[in-house]
Amino acid sequence: MRHELIFDEVILKQLRKVEQNKQVKDILSKMFDKIEEKGPNAGQLIDSRLRIYEMKSKRPPIRLYYKLAHNNEIYVFEYEMKTSPKKQKATLTKLRKKASET
């Protein structure tokens, strides 16, 4: 079963910026393919109430955040380079707010 990806305006802006970095672009492309194929099973559940998932890459250290919507739709929020736990917590707080609105 294929899942349809819906991209948030934040990740669209990030993807335009990453055009020059082939390595990151290729990794994100593979991550998107995996999410389309496996849906929520592609990543790790980080908020069960809002159904927010996180998918990680080790080299380079990337975290991709997405939400399972309805009718096999997956809402892709944004990605970030792995950073400090404090910054990750701030990102998750921002995503929880955004996810509760969608």
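Note: hydrogens, waters and symmetry copies are ignored here, and every other heavy atom, side chains too, is used.
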Using a 3.5 Å cut-off and no angle test, enumerate the donor-acceptor pairs between side-chain atoms of residues 23-35 and protein atoms at least two apart in sequence or in another chain.
{"from": "Lys25", "atom 1": "NZ", "to": "Glu19", "atom 2": "OE1", "distance (Å)": "3.3"}
{"from": "Asp26", "atom 1": "OD2", "to": "Lys22", "atom 2": "NZ", "distance (Å)": "3.0"}

[atom2] on [Y] to [atom1] on [X], rounded to 0.5 Å:
X	Y	atom1	atom2	result
Lys86	Thr91	NZ	OG1	12.5 Å
Leu95	Tyr75	CG	OH	10.5 Å
Leu45	Ile52	CG	CD1	9.0 Å
Ile74	Lys67	CD1	NZ	12.0 Å

So, does Glu54 use its side chain to make a donor-acceptor pair with the main chain of Arg63 at under 3.5 Å? no

Keeping Asn71 on the side-chain end and Glu73 on the backbone end, is there a donor-acceptor pair under 3.5 Å? no

Contact check, side chains of [X] and [Y], non-hydrogen atoms, under 4.5 Å:
X	Y	value
Leu5	Glu36	yes
Glu80	Ile62	no
Leu92	Tyr65	yes

Transitively linked via ILVMFWY side-chain contacts under 4.5 Å: [X] with [Y]?
X	Y	value
Tyr79	Val10	no
Ile6	Leu12	no
Ile11	Val18	yes
Met55	Ile46	no

Any pair with a residue in residues 37-52 that passes side-chain hydrogen bond (donor to acceptor under 3.5 Å, both in side chains), sequence neighbours left out, goes on the list, sorted by first then second residue, please.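 Pairs touching residues 37-52 that pass the test: Asp47-Arg96.
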
Using the test ring-ring contact (aromatic ring centres under 6.0 Å, His included), find all partners of Tyr53 that sit at least two apart in sequence or belong to another chain.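 In terms of ring-ring contact (aromatic ring centres under 6.0 Å, His included), with neighbours along the sequence ignored, Tyr53 is linked to Tyr66.
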
